[in-house]
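Here the structure is laid out as structure tokens; the discussion comes afterwards.
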Amino acid sequence: MFGLLRNRFLKMNSGHFRSHVWDPKLLCLQIVAMQSQFYFMFGMWTYLMDIIGRFDASMDQLFTQTDLDLLEDSGRVQVIAFLLNSLTSAVALWYIVQRAKLCLDFAVTAHFFHFLGCWIFNRHIPQTLPWWILNVIGCALMTVCGEFLCMRTEMKAIPLAMAGAKVDL
């Protein structure tokens with residue numbers, strides 16, 4: 001799926017520096033890819049942290065707000081897993097979205113769908129302050145790191161002329 005998105009993006013932008021063509025199909029595929037990797041990596045980080053901390057792994061850890069107590073080892077491990085997920089999601093933004101300008105949109109979208117998932121799973125809106133703080137910090141971390149990675153790629157020097165050679169742009 002990621003290769004398809006990358007090839008489509010490269011094909012869409014071939015011959016142009018930046019193409020601003022509205023492509024809802026690409027946008028939907030990017031959202032699905034980001035959300036899929038968000039939960040896959042969140043599950044992997046949580047599982048890895050459960051193995052390290054010798055805790056019982058369960059699906060509840062991804063969606064409940066009660067496991068975020070920083071006074072307990074299990075809560076700290078869950079917070080670390082969420083923040084590591086934000087970092088890996090930033091790398092996914094760089095690979096899937098490839099635009100610093102769109103990183104905030106995709107990060108907020110991923111966390112909004114996570115909010116909806118938590119709401120549906122718990123049958124009520126998350127009410128604990130640590131859950132909200134962690135999600136805001138995670139979204140900010142994902143956005144800033146994703147923008148940093150995308151900007152580094154966008155700001156690479158574009159070769160305009162080589163010594164005596166013609167460059168085809």
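The model shown is predicted, which means the values in this text are computed figures rather than measured ones.
By the rule that hydrophobic residues join a cluster once side-chain heavy atoms approach within less than 4.5 Å of another member, F148 and V144 end up as members of separate clusters. Cluster annotation: I52 is connected to M41 through the hydrophobic network of ILVMFWY side chains, with a link wherever side-chain heavy atoms come within less than 4.5 Å. Each of V136 and F112 belongs to its own hydrophobic cluster when Ile, Leu, Val, Met, Phe, Trp and Tyr are linked at side-chain heavy-atom distances under 4.5 angstrom.
Using a 4.5 Å heavy-atom cutoff, the side chains of L104 and V108 are in contact. Looking only at side-chain heavy atoms (C-beta outward), E154 and Q98 stay at 4.5 Å or farther from each other. Within the 4.5 Å cutoff, side-chain heavy atoms of I80 are placed close to those of M49. Between I31 and F106 the shortest side-chain heavy-atom distance falls below 4.5 Å. Between I51 and Y47, some side-chain heavy-atom pair lies under the 4.5 Å cut-off.
Heavy atoms from other residues, nucleotides or ligands lying under 6.0 Å from CH2 of W132 number more than 12. Counting non-hydrogen atoms of other residues, nucleotides and ligands closer than 6.0 Å to CZ of F121 gives a total above 12.
Taking the six-membered ring for Trp and thresholds of 30 and 60 degrees, H114 and F82 have ring planes inclined between 30 and 60 degrees apart.
In terms of heavy atoms, T46 sits closest to Q78 at CG2-OE1, 3.5 Å. When all heavy atoms of Q30 and I96 are compared, the pair lying nearest together is NE2-O, 3.2 Å. Closest non-hydrogen pair, C103 versus C150, comes out as SG-SG, 3.8 Å. Taking every heavy atom of both residues into account, C145 and A90 meet most closely at CB-CB, 3.5 Å. The two atoms that bring C118 and P126 nearest to each other are CB-CG, 4.1 Å, heavy atoms only. Annotation for S86 and L141: closest pair CB-CD2, 3.9 Å, computed over non-hydrogen atoms.
Put simply, CE on M151 and NZ on K101 are 11.5 Å apart, with the number rounded to the nearest 0.5 Å. Rounding to the nearest 0.5 angstrom, the gap separating the CG atom in L134 from the CH2 atom in W131 is 9.0 Å. Atom-to-atom distance recorded for R99:CZ and T153:OG1 is 12.5 Å, nearest 0.5 angstrom. Atoms CG and OH, from L149 and Y95 in turn, are 14.5 Å apart once rounded to the nearest 0.5 Å. The CZ atom of F115 sits 10.0 Å away from the CD1 atom of I120 when rounded to the nearest 0.5 Å. Here CE of M142 is found 13.0 Å from CG of L83. Values are rounded to the nearest 0.5 Å.
Of the listed residues (Q35, H111, Q37), just one forms a side-chain hydrogen bond (donor to acceptor under 3.5 Å, both in side chains) with S89, and that residue is Q37. The side chain to side chain contact (heavy atoms under 4.5 Å, CB included) test with W45 singles out one residue from L87, V77, N85, and that residue is N85.
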